[in-house]
K.L.:
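Structure below; questions to follow.
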Amino acid sequence: MGSLLFIPVIFFFLPLASSISYTEFIYPNFVASNIKFADNGGAFLFSRNKTYKAAIVNPLAKEGSFYFCVTHVPSNTIIWSANRNDPVSSTGNVNISSKGISITDRDGNLRWSTPQLQSAVYALRLTEIGNLVLLDRSNVSLWESFHYPTDTIVVGQSFPVGTVLLSSISSSDLSSSNYSFSVAASDAMLEWYGQIYWKLSMDPNAFINSNAVVEYMILNATGLYLLAHNSSVVVIEVVLPHSDFRIAKLESTGQFTVKSFSSAGWTQEFIGPVDSCQIPFFCGQVGLCNEDSATNSPSCSCPSSFHTVPPSLGGWGCKPIDHSIVLASPCNSSRGGEEIKSAAFSYLSLGYGIEYFAIDFSEPARYGENIPSCQALCSKECSCLGIFYGNTSGSCYMIKDRFGSIRQSSSFVNDLLGYVKVQVGSTPPRFNGEEKHNFPLAALILLPISGFLILLTLYFLWWRRRLFLKRIQIKLGNVSSRASVELDAFFIPGLPRRFSLEELAAATDNFKVQIGSGGFGSVFKGILPDKTVVAVKKITNLGIEGKKEFCTEIAVIGNIHHTNLVKLKGFCAQARERLLVYEYMNRGSLDRTLFGNGPALEWQERYDIAVGTARGLSYLHRGCEHKIIHCDVKPENILLHDSSQAKISDFGLSKLLAPEQSGLFTTMRGTRGYLAPEWLTNSAISEKTDVYSYGMVLLEVVSGRKNCTTRSHDHSLDGSDSSGCQSSSSTGLGLVYFPLFALEMHEQGKYLELADPRLEGRVTYEEVKKLVCIALCCVQEEPALRPSMDTVVSMLEGGIPLSQPRNESLNFLRFYGRRFTEASTIEEGNRNGSVIYSPTNALPSCMSGSNYFFSYMSSQQVSGPR
Ligand SMILES: *[C@@H]1O[C@H](CO)[C@@H](O)[C@H](O)[C@H]1NC(C)=O
Ligand SMILES: *[C@@H]1O[C@H](CO)[C@@H](O)[C@H](O)[C@H]1NC(C)=O
Ligand SMILES: *[C@@H]1O[C@H](CO)[C@@H](O)[C@H](O)[C@H]1NC(C)=O
Ligand SMILES: *[C@@H]1O[C@H](CO)[C@@H](O)[C@H](O)[C@H]1NC(C)=O
Ligand SMILES: *[C@@H]1O[C@H](CO)[C@@H](O)[C@H](O)[C@H]1NC(C)=O
Ligand SMILES: *[C@@H]1O[C@H](CO)[C@@H](O)[C@H](O)[C@H]1NC(C)=O
Ligand SMILES: *[C@@H]1O[C@H](CO)[C@@H](O)[C@H](O)[C@H]1NC(C)=O
Ligand SMILES: *[C@@H]1O[C@H](CO)[C@@H](O)[C@H](O)[C@H]1NC(C)=O
């Protein structure tokens, strides 16, 4: 605010000094130079409120480095420059004519101009959001600087798919370098010479809301958004603290940042990649980047058999110690292919267990190669500068056009082998005698030594692995000699990280801390060497036998990323062991919080969980390539993180389970109490089956208790209405089938009766009504009547009006309710069946399968043909 008051004061005096008026419009036949507008720092055009100015500036006070720029005045930040690659001297001119804007140097040579325009320019305007616009006579925009961004986007600007930001070389040189930022159909990404090194969707602060096709990116007071369908759909959002002015910039370091500006200065709000070693050229060509995990500061060195390039050769980088060997140079179109073929290439090892930024984002050129064949593939292509070879999978990655920095891997299961393509020096005639002798000498000494060292390392690794495996086998009671190192020859694209059994044993301290168990086996807490906490799921009840089938499923699951789905970080398929490594959710599963003894979940948290779960399911159902039906939606499979962020776990696993060998229920998955009626009639299982289970979960979220539990009278919801409940749905035993109670209260419009009494009224009638109505719509007997999860999300978010469930499609609840009370009486004395874990009240599960079945059948019989 202070600056806004301050600026008009300055400009009240300045016009007097140079007798030129500063407006938001300039008309053709106008010529400006820095000298002419020196009094005003080169500025000759201001936006209406003087938030932005257009000026010829010399930001770095360097000779001959004048640029025509748009500058944000309060922060004095250049947000756009016309001639970033062609600076002019102080006498250079900016000429606004009816043909557009042109920039000429002292001698009148054209350095930059706007492209050919549709019609004659009437005015140049600088808008209040910083857009420089050429207008024709009828105020139609002919050209806008926002359509040609440099390295910065501001609030109000839209950044469409197909546009790029190019970073500047350094803070003292505005010309463009080769880090680029662009928005694609489903993501925003950073690239270096066409090699992707970062994606917005992978950032933990980015929330994926939809998989609609992105049209553009915007930045506003509340965050950064990728939008689809003419801005009606948010695809990815990064929510930021409220701020009226912020910019997104591709920094000269190659990092994408979002910063907000206030009277206190700039605040960095977002950065990607966070880890400097992920920046492609951080340590120069073939430089080895090492992130010190303690200090979080990166350092550069060279791999063995390389040394630092002398500073005179420009920047950091590494080249072979042996001076007669040079790194292969990128393709040169002027050079004939023949020449390339005849050149003798060899490969210098970069060592084992290193990482290269582009590997995470690219597909191997080939699978199932061996090292020599992978190298031969690279030798055939002049653009190939080196290879990375996945020793386990046999995948062969070719690095083309540019070779960046490599990284020391933090994971000891990383099995990448890296090689750079080298050539015996192409300038032998210039060798002096000394260097000529060096080659054979160095080779004679180096080769055997390095060979011996590699053998030694390999032996050590093998020995350590064996030792480890032995220990684990004893621990797991699975001492099969076959279970030793077993490598697979197949490769499945998109497979997440593969862990070895010994690594997971180390991470979980030999499977010490069990944090859960379920239909699949047990879940253990683990800590990876890079300090990430993970949940390791040990699958015992596996249906599919083959490792390849298993991996195919894992590849599908591993590629599903959504903010409301628990992320699969990796897996282990070794011998007969099958383990899945998931991100760790620090608040455990919803059932513990919802039904546990701890503080009751507040209403807002419950609502957020309802929305989050719906979004996650909607994402699973929407997938066009692999639509996934969860089949086991229940509170145990909804995990919570920090601020009640709900994430669904175990999706995609139903295919992996062993089928129950029991007649009618061969295909049955999921958990009683959440099972849709169609499971029992052998009718088609569809995503609407999940919708049913979601509806059941929603009722439990509202009430804070299991749908199927006994309830004593003194715990009953207070007052007169509980008696209404008892007379119609409960027997003298105090049993209530909550979905039926919910239906009755819905019919009477008494929604508040359904809210968790522990909330003591801290709920809103409208929201309880909304959740209950949605839940009842979801549990309708006829799958076609149930809304899709997309619709549920829209109803929850208020995008579409609430629909009402149909009574006749809910009548089955009355029969379930009656069967429930009867079945519970039977089950009282028969608790050895499967018991749903509930810390407060370890009660029998809803109904046994057969009871459920009979109750369903009777409902069919009674309701008759429809
Ligand atoms: C200029 O500032 C005034 C007062 O701060 C504000 O009301 C007006 O909307 C601003 N004009 C534009 C074009 O933003
Ligand atoms: C400005 O540009 C117009 C059109 O290109 C040209 O005719 C005119 O001579 C230029 N003026 C100066 C001072 O360069
Ligand atoms: C063009 O738009 C500007 C700003 O909105 C306005 O001041 C001006 O009068 C308009 N001119 C014409 C010819 O419509
Ligand atoms: C960026 O790449 C282009 C072409 O690939 C090249 O001409 C230019 O010199 C590069 N710029 C820098 C700063 O490396
Ligand atoms: C920012 O844009 C998003 C997406 O269009 C929108 O939901 C949000 O309300 C906007 N924020 C403001 C403050 O306009
Ligand atoms: C996009 O939205 C704008 C304003 O909301 C509207 O004028 C335009 O027609 C829409 N375009 C399409 C293709 O729907
Ligand atoms: C590429 O071709 C140009 C001629 O167009 C030549 O001057 C240059 O030396 C070549 N570069 C390499 C690395 O061969
Ligand atoms: C690569 O895998 C082979 C087996 O396919 C193994 O013999 C060799 O030791 C591995 N190399 C390294 C460096 O681990």
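Only a predicted model underlies this, so the values are computations on that prediction, with no experimental measurement involved. First listed ligand is number 1; within each ligand, the first listed atom is number 1.
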K.L.:
Tell me if the aromatic rings of Y122 and F25 count as close, with their centers under 6.0 Å from one another.
P.N.:
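For Y122 and F25, the ring centres are not under 6.0 Å apart.
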K.L.:
Got a salt bridge between R606 and E767, using NZ or NE/NH1/NH2 to carboxylate O under 4.0 Å?
P.N.:
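Looking at R606 and E767, the cut-off is not met.
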K.L.:
What residue and atom, counting heavy atoms only, is the protein's closest point to atom 8 (C) of ligand 2, and at what distance?
P.N.:
N95 ND2, 3.6 Å
K.L.:
T222 to ligand 5: N or O pair under 3.5 Å?
P.N.:
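In this structure, T222 places an N or O atom under 3.5 Å from an N or O of ligand 5.
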K.L.:
With atoms numbered from 1 as shown, which atoms in ligand 5 lie under 4.0 angstrom from a non-hydrogen atom of I218?
P.N.:
2 (O)
K.L.:
For a salt bridge (Lys or Arg N to Asp or Glu O under 4.0 Å) check, start with the C-alpha distance between R48 and E128, then their side-chain angles and the critical distance, and finish with the verdict.
P.N.:
CA-CA 6 Å; R48 180 169 294 172; E128 192 51 33; over 6 Å; no
K.L.:
Does atom 11 (N) of ligand 2 have a protein non-hydrogen atom under 4.0 Å from it?
P.N.:
yes
K.L.:
Could any protein non-hydrogen atom be found less than 4.0 Å from atom 14 (O) of ligand 2?
P.N.:
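Yes, at least one protein heavy atom sits under 4.0 Å from atom 14 (O) of ligand 2.
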K.L.:
Short check: is a protein heavy atom less than 4.0 Å from atom 2 (O) of ligand 5?
P.N.:
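At least one protein heavy atom is under 4.0 Å away.
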K.L.:
For atom 4 (C) of ligand 2, what is the closest protein heavy atom, and at what distance to 0.1 Å?
P.N.:
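Ranked first by proximity to atom 4 (C) of ligand 2 is S97 OG, 3.6 Å.
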K.L.:
Does the side chain of L190 come within less than 4.5 Å of Y179's, by heavy atoms?
P.N.:
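Y179 does not reach L190 side chain to side chain.
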K.L.:
I'd like to know whether the aromatic ring centres of Y197 and F361 sit less than 6.0 Å apart in this structure.
P.N.:
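Aromatic pair excluded; centres sit 6.0 Å or further apart.
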K.L.:
Take a 6.0 Å sphere around CZ of R762 and say whether it holds more than 12 heavy atoms from other residues, nucleotides or ligands.
P.N.:
yes
K.L.:
Strictly under 4.0 Å, does any heavy atom of V31 approach an atom of ligand 2?
P.N.:
yes
K.L.:
So, applying side chain to side chain donor-acceptor pair (under 3.5 Å) with N131, which one of H147, Q157, E144 is it?
P.N.:
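Testing N131 for a side chain to side chain donor-acceptor pair (under 3.5 Å) against H147, Q157, E144 leaves exactly one candidate, E144.
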K.L.:
Does the N or O separation between N220 and ligand 5 drop below 3.5 Å for any pair?
P.N.:
yes
